[in-house]
Every structure is written in C-alpha cells, then in structure tokens.
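Let me begin by presenting the structure, written as structure tokens, before commenting on it.
Letters go in sequence order (proteins before strands), and every chain restarts at 1.
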Amino acid sequence: MVLLFSSIAVGSAIMMITRRSPVISALYLIVNFFSVSAIYLMLRAEFIAIIQILVYAGAIMVLFLFVIMLLSLKDESKLVENLTYKKLGAIIIALLFLSTVGITTFFAFTDKFRTLSPLAEEMGTTEFIGKELYTTYSFPFELVTFILLAAIVGAIVLAQKKFE
Amino acid sequence: MWIELLITTVKIFIVVHVVLIGVAYTVYAERRVSAFIQNRYGPNRVGYEGLLQPFADVVKLAFKEDIVPENANKPVHRLAPMISIFVALTTMAVIPFGHTIELFGRVIPLQITDVNVGILYILALTSLGVYGITLSGWSSNSKYSLFGGIRSSAQMISYELSMGLSIIGVVLITGSLSLQDIVIHQYGWKWNIILQPLGFIIFLVASFAETNRAPFDIPEAEPELVGGYHTEYSSMKFALFFLAEYANMIIASAVITTLYLGGWQFPYLQEFGLPPLAVSLIQVATFGLKVAFLVFFFIWVRWSIPRFRYDQLMNLGWKVMLPLSILNIIVTAVIIKILK
C-alpha cells in the first residue's frame with residue numbers, strides 16, 4: 001500500500017511539472033497532496049494527514065487556483081528560454097537527488113525501518129502534538145507565530161501602498 | 001472480521017440511500033414551501049399532492065441530451081460533478097445518527113466510523129467541495145461559468161475560517177475532536193447551542209455560505225450570471241450538481257445538529273426506563289427530526305431574505321464574522337479556565 005501511494009505521489013509530481021496548462025498542473029499537485037496524506041495515515045499520523053488535506057489541498061491550492069483563474073494564464077508554450085547554464089546546475093541537482101533516493105532505498109530494506117516504532121502509535125494523535133507544541137517546543141512555536149504575524153503585517157502594508 | 005465488514009457495508013448502503021432519498025424530498029419540500037410562501041400551489045399533479053414529483057424529475061433529467069461545449073476541457077468538465085457529489089456523500093461517514101443499537105445480541109454503533117479527528121475530517125472534506133464548483137467554472141470555457149467559479153472560491157475561503165474557528169469553542173468544552181464524544185457530552189439540557197450561542201450563530205451563517213444557499217448564493221446569481229458555475233452542464237451532470245447542492249444542505253444540517261443541537265440526544269430519555277431498543281429508535285428519530293427542521297429552516301431563509309451583494313458578503317465575512325469567532329474562542333477559554 002505504501003508503495004502504491006508513493007508511486008502515485010511520484011507520478012503526479014512528475015505530471016505536475018511537465019504539464020503546460022497551469023490549472024492542470026495544480027490539479028496534479030492536489031493528487032500528490034492526497035497520496036502523501038494517505039502515506040501519513042498509514043504511519044498512524046492521523047492529525048498530520050487531515051491537516052495536510054485541510055491546509056494544503058483545502059486552502060492553499062484553492063487560493064492558487066483562484067489566482068490562476070483570476071489572471072487567466074494561458075499555456076506556457078511561449079515562455080521557452082535559453083537554458084545552457086541552467087542545464088549544468090540541473091544535472092548536479094539531479095545527481096544529488098538520485099544518490100539520496102539510492103541511499104534511502106538501500107536502507108529501506110534493512111530491518112530498522114521496517115517496523116513502526118512504539119512511539120508512533122501515540123505520536124500521531126492531536127493531544128500528543130498539542131502537548132509537545134506548548135511545552136517542549138513552546139519557544140520555537142511562538143517564534144514561528146511572530147514571523148507569520150510579521151508576514152501578515154508586511155502583506156497588508158504592501159497591499160495598501162498599491163491601492164493608494 | 002467479515003461480519004464487521006458486512007455491518008459497515010450495510011450501514012454505508014443505508015446512509016447513502018437515506019441521504020439520496022432525503023435529497024429528492026428536500027427538492028420537493030423546497031418547491032412546495034416556496035410555493036406556499038409565494039401564495040401559489042407548487043407541484044401537486046404527480047401522485048398524491050405531488051409526492052412522486054422527484055422521481056418524475058429524475059426520469060426527465062436522465063433522458064435529456066448530455067451536451068459538452070466544443071472548447072471545454074473535457075476530462076476536467078467530466079471530473080467536476082464527480083468531485084462535488086463525492087465530497088457531499090463522504091462527509092456523512094463520521095456523523096453519529098444514534099448511540100448504539102442492540103440487534104441479534106450484537107452492539108452496533110450507529111455511525112459509519114468514529115474517527116478521533118472527526119471534526120477536522122468534516123472541515124477537510126467541506127473545504128474540498130469548492131474544487132467541484134471552481135473546476136466546473138474553469139473547464140466550461142465560458143465567462144459566466146468562470147465568474148461563478150471565482151466567486152464561489154472567494155466566498156468559501158472567506159467563510160471557512162470563521163467556520164473552523166467557531167468549532168474550536170465546542171472542542172474546548174468537550175475536550176475531544178470525536179463527534180460521538182461531542183454528542184455524548186451534550187446530555188440533558190447541556191446542548192452546545194445554550195453553552196455556545198455566539199458560536200452557533202457564526203457556524204450557522206458560515207454553513208449557509210459554504211452550501212451556497214441564499215442569501216449567500218452569489219456564485220449562481222441568475223440575473224447576472226445566467227446559471228453560474230453549472231451554466232454549461234446538462235442532463236445527469238447537471239443533476240449531479242443539483243444533488244450535491246441539496247446533499248450538502250442536508251449534511252450541513254446534520255453537522256449543525258451534531259455540534260450544537262445535541263445530535264441524537266433526547267433530553268432525559270434515559271430516566272424514563274424504556275427498553276434499550278426503543279431508546280435507540282427514539283434517538284435516531286430525534287436526530288432525523290432535528291435535521292429535518294434545520295433543512296426546513298434553510299428553505300425558509302432562502303425564500304425570505306434577498307441576496308447579498310459581493311462586497312457586502314466579503315465585509316461580513318472578514319470584518320464581522322472573523323473577529324466575532326476569535327472573540328468567542330477567547331471568552332470560552334477564559335470561562336473554562338475560571339470554572340476549573
């Protein structure tokens with residue numbers, strides 16, 4: 001089952017970056033989010049699985065689609081650039097990526113990664129995540145909220161400047 | 001193992017069919033109630049007082065020609081109504097329509113599945129409902145459909161936030177995200193509508209917006225948008241959108257009942273000393289009656305209140321509902337802290 005959903009995830013990711021129409025790309029990204037969420041479910045992380053759908057598929061991608069439709073972007077066929085220098089970088093990144101994939105699949109067949117750790121059973125629940133977030137990790141959590149607040153204020157300032 | 005699977009399958013079968021027949025008669029009820037409000041008869045020819053009208057409608061829709069626009073994106077055009085109906089029907093899976101029932105010496109919970117993140121599951125699925133509408137608007141390749149789709153996504157994004165935030169009050173009181181726990185917690189007079197009046201009103205208004213019902217039906221405002229997002233749909237694909245819209249209405253009523261109106265709880269029923277089977281049946285009937293009343297309320301509002309303008313809708317969503325729902329969380333949290 002994990003293999004099925006991870007292959008759907010990889011397949012939809014590839015489809016997403018190769019499609020020409022931005023709306024179709026967005027649709028494949030949503031399929032990708034769903035398969036990742038299914039993998040979370042299999043690892044007994046129900047909270048993260050639902051949040052993945054709620055936040056990414058339900059909110060962020062709706063906004064993306066909204067913006068794409070509002071701007072009514074046409075196919076990207078006209079946007080072909082000269083890619084000589086970028087190709088070199090792409091090859092290096094592809095090699096790095098392939099070696100990461102190789103190492104992970106190699107270690108996946110050892111016993112250490114085959115069994116679910118006993119902590120995983122309780123770690124996926126909402127209560128556990130909430131407790132950890134507000135006790136052990138309260139400082140980083142507050143830091144993130146401040147960064148988000150700053151981003152919101154910044155967005156409002158930029159939007160106001162544009163309309164004045 | 002196999003018997004559990006069989007029981008679940010039977011439950012799914014019953015729930016889906018009850019919702020679908022409920023949809024048929026909600027449409028009928030809408031036509032009769034609107035006729036009553038506008039002082040005319042409404043459909044009363046097919047069967048006794050028009051009771052067979054829904055079936056006549058289905059037959060008519062099924063025999064119509066299925067027209068797909070020439071320049072439409074055909075796969076997406078076909079996918080959109082499927083998404084709508086899928087989202088509408090799967091939400092029902094976590095809603096408890098009773099506590100437990102004893103049949104053939106076996107205790108069966110009256111809920112398809114009790115997920116421990118029940119509320120989040122409902123929020124996640126309802127937030128996906130917007131895809132059906134947005135994609136149908138985009139794929140039809142027609143400007144009216146596109147406007148309908150864009151309006152609906154803007155509306156859903158604005159109201160989802162206050163909807164989610166108003167639920168937090170209920171979760172704070174119950175201390176659990178499971179819907180069965182929430183209903184059990186509302187025994188006696190302790191319905192959440194009494195403990196959470198502000199949260200109830202916010203959730204109710206947001207539900208109207210999420211189901212695209214009047215006064216929030218600008219995605220399909222006829223005078224300006226022809227038919228809105230489903231302008232270019234015909235035959236059974238149009239019927240699926242219609243079905244999804246009314247199924248969403250029933251499910252929104254079921255969620256409101258579960259969260260705020262005590263779900264299947266009949267106040268102090270346990271103290272009458274009735275046999276367990278009768279208790280279970282009365283509870284299921286109570287749930288059905290509450291849902292039916294809310295569906296009637298949806299219809300009543302639609303034929304009484306005029307439609308909002310687009311900017312009024314956005315102002316209400318972001319400047320009134322959102323601050324109120326945050327206020328509701330703060331007040332609830334402070335009161336719980338004081339009482340403990």
If one checks every heavy atom of Leu135(B) against chain A at 4.5 Å, the contacting part turns out to be side chain
Those residues at least two apart in sequence (or on a different chain) that pass side chain to side chain contact (heavy atoms under 4.5 Å, CB included) with Ile150(B) are Phe66(A), Met69(A), Leu70(A), Leu146(B)
Scanning both residues in full, the closest heavy-atom pair of Ile53(A) with Ala124(B) reads CG2-CB, 4.0 Å
Cut-off 4.5 Å, heavy atoms of chain A, and the answer for Leu177(B) is side chain
Using atom types as modelled and no hydrogens or angles, find all donor-acceptor pairs between chain A and chain B shorter than 3.5 Å.
| residue | atom | partner | partner atom | Å |
| --- | --- | --- | --- | --- |
| Glu46(A) | OE1 | Asn116(B) | ND2 | 3.3 |
| Ala57(A) | O | Tyr131(B) | OH | 2.3 |

To the nearest 0.5 Å, atom CG of Leu125(B) lies from atom CD1 of Ile50(A) at 7.5 Å
